[in-house]
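In what follows, residues are counted from 1 in the order of the sequence shown. No hydrogens, no waters, no symmetry mates; every other heavy atom, side chains included, goes into these values.
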Amino acid sequence: MKSRICRFAIASLALAAVPATASFSDAQLRIGVTESDLASWAIKSGYELKPSGDERWWAYRKSDNEIIGIFRFCRGKVFEQALTVQGGASAFIKRVAQFNHQYGTGQYSVESSLESVGDRNVIEVVWRRADQITTLTFFAGSSPVSETQWLGTTIPSNCRS
């Protein structure tokens with residue numbers, strides 16, 4: 001779990017680009033799509049995709065080069081993604097309550113540390129189902145501007161994690 005947090009934490013200071021109404025089902029829309037379908041979605045949405053090795057692609061907003069998502073591929077299809085979603089602590093709590101209501105109580109982990117750039121505080125909630133793992137992660141730094149959320153979805157695969 002810590003490695004998943006670290007993977008998504010690389011871009012944790014990016015501010016939200018996906019509408020606050022993004023929901024669990026919205027995130028599923030890109031799971032299983034091919035690289036070419038994802039590229040088409042990115043162009044239509046005003047995003048740019050950049051490969052990052054390890055069959056991983058970063059999605060950037062063209063207007064300001066902000067990271068809005070991370071997509072990983074297995075056998076040419078998306079099997080894992082993380083998207084930024086809007087809102088601070090209140091929005092995070094509402095999303096957790098919504099997902100708990102829909103999918104049962106999630107498992108959570110909390111991490112807090114003092115780093116050279118200030119506080120780093122993370123809370124992650126994971127909902128596991130037979131066909132999918134959903135992760136909602138809230139990152140909070142030393143100031144309110146450093147708060148961001150990532151909504152991650154993973155489907156089972158034989159690819160390495």
Next item on the list: Search all heavy atoms of Ile155 against all heavy atoms of Asp131 and return the closest pair with its distance.
Entry: CG2-O, 3.7 Å
Item checked: Exercise: identify the closest heavy-atom pair between Arg120 and Val122 -> NH1-CG2, 3.5 Å
Margin query: What I want to find out is whether Arg61 reaches Glu48 closely enough, with some N-O distance under 4.0 Å, to be called a salt bridge.
Written below: no
Item checked: Centroid separation Phe138 to Trp150 less than 6.0 Å -> no
Next item on the list: Mark yes when over 12 heavy atoms from residues, nucleotides or ligands other than Lys50 sit less than 6.0 Å from its NZ; otherwise mark no.
Entry: yes
Notebook entry, point to check: Short question: side chain of Gln149, backbone of Gly87 - any donor-acceptor pair under 3.5 Å?
Noted result: yes
Check: Are Ile123 and Thr137 side-chain neighbours, meaning at least one heavy-atom pair lies under 4.5 Å?
Finding: no
Check: Does the pair Glu80 and Thr153 meet the rule for a side chain to side chain contact (heavy atoms under 4.5 Å, CB included), with working shown?
Finding: CA-CA 6 Å; Glu80 181 177 64; Thr153 308; over 6 Å; no
Next item on the list: Is it possible for you to say whether Tyr103 and Tyr108 belong to one hydrophobic cluster, with membership spreading through side-chain heavy-atom contacts below 4.5 Å?
Entry: yes
Next item on the list: Take Phe71 and Arg56 through the test side chain to side chain contact (heavy atoms under 4.5 Å, CB included) and record every step on the way to the result.
Entry: CA-CA 6 Å; Phe71 301 91; Arg56 182 176 302 153; over 6 Å; no
Check: Can you name the nearest heavy-atom pair linking Cys74 to Phe79, along with the distance?
Finding: CB-CD2, 3.4 Å
Note to self: Measuring only between side-chain heavy atoms, which start at C-beta, is Glu147 closer than 4.5 Å to Phe92?
What the structure shows: no
Check: Hey, are the side chains of Leu83 and Gln81 touching, using non-hydrogen atoms and a 4.5 Å cut-off?
Finding: yes
Check: Relative to the ring of Phe73, is the ring of Trp57 parallel (under 30°), tilted (30 to 60°) or perpendicular (over 60°)?
Finding: perpendicular
Margin query: With a 4.5 Å cut-off on side-chain heavy atoms, are Leu151 and Phe99 touching?
Written below: yes
Next item on the list: Please list, chain by chain and in numerical order, all residues satisfying side-chain contact (heavy atoms from CB on, under 4.5 Å) with Thr34, sequence neighbours excluded.
Entry: Ser36, Asp37, Lys77
Notebook entry, point to check: Judged by modelled atom types alone, do Gln132 and Thr134 share a side-chain donor-acceptor pair under 3.5 Å?
Noted result: yes
Notebook entry, point to check: How far apart are the closest heavy atoms of Leu49 and Ala59, and which atoms are they?
Noted result: CD2-CB, 3.7 Å
Next item on the list: Could you give me the CA-CA distance, side-chain angles and deciding distance for Ile67 and Thr84, then say whether side chain to side chain contact (heavy atoms under 4.5 Å, CB included) is met?
Entry: CA-CA 8 Å; Ile67 297 170; Thr84 58; 5.7 Å; no
Check: If every non-hydrogen atom of Thr105 is compared with every non-hydrogen atom of Asn100, which pair is closest and at what distance?
Finding: CA-OD1, 3.3 Å
Note to self: Contact between Asn121 and Glu111 at the side-chain level, heavy atoms closer than 4.5 Å - yes or no?
What the structure shows: no
Next item on the list: Can you tell me which residue pairs pass the disulfide bond (SG atoms under 2.5 Å apart) test with a partner in residues 82-134, sequence neighbours excluded?
Entry: none
Check: What heavy-atom pair brings Leu114 and Asp119 nearest, and what distance separates the two atoms?
Finding: CD1-OD1, 3.4 Å
Notebook entry, point to check: Have Trp58 and Ser52 got a donor and an acceptor in their side chains that come within less than 3.5 Å?
Noted result: yes
Margin query: Please list all pairs meeting disulfide bond (SG atoms under 2.5 Å apart) that have one or both residues in residues 82-124, counting only residues at least two apart or in different chains.
Written below: none
Checklist line | Non-hydrogen side-chain atoms of Thr154 and Thr135 separated by less than 4.5 Å | finding: no
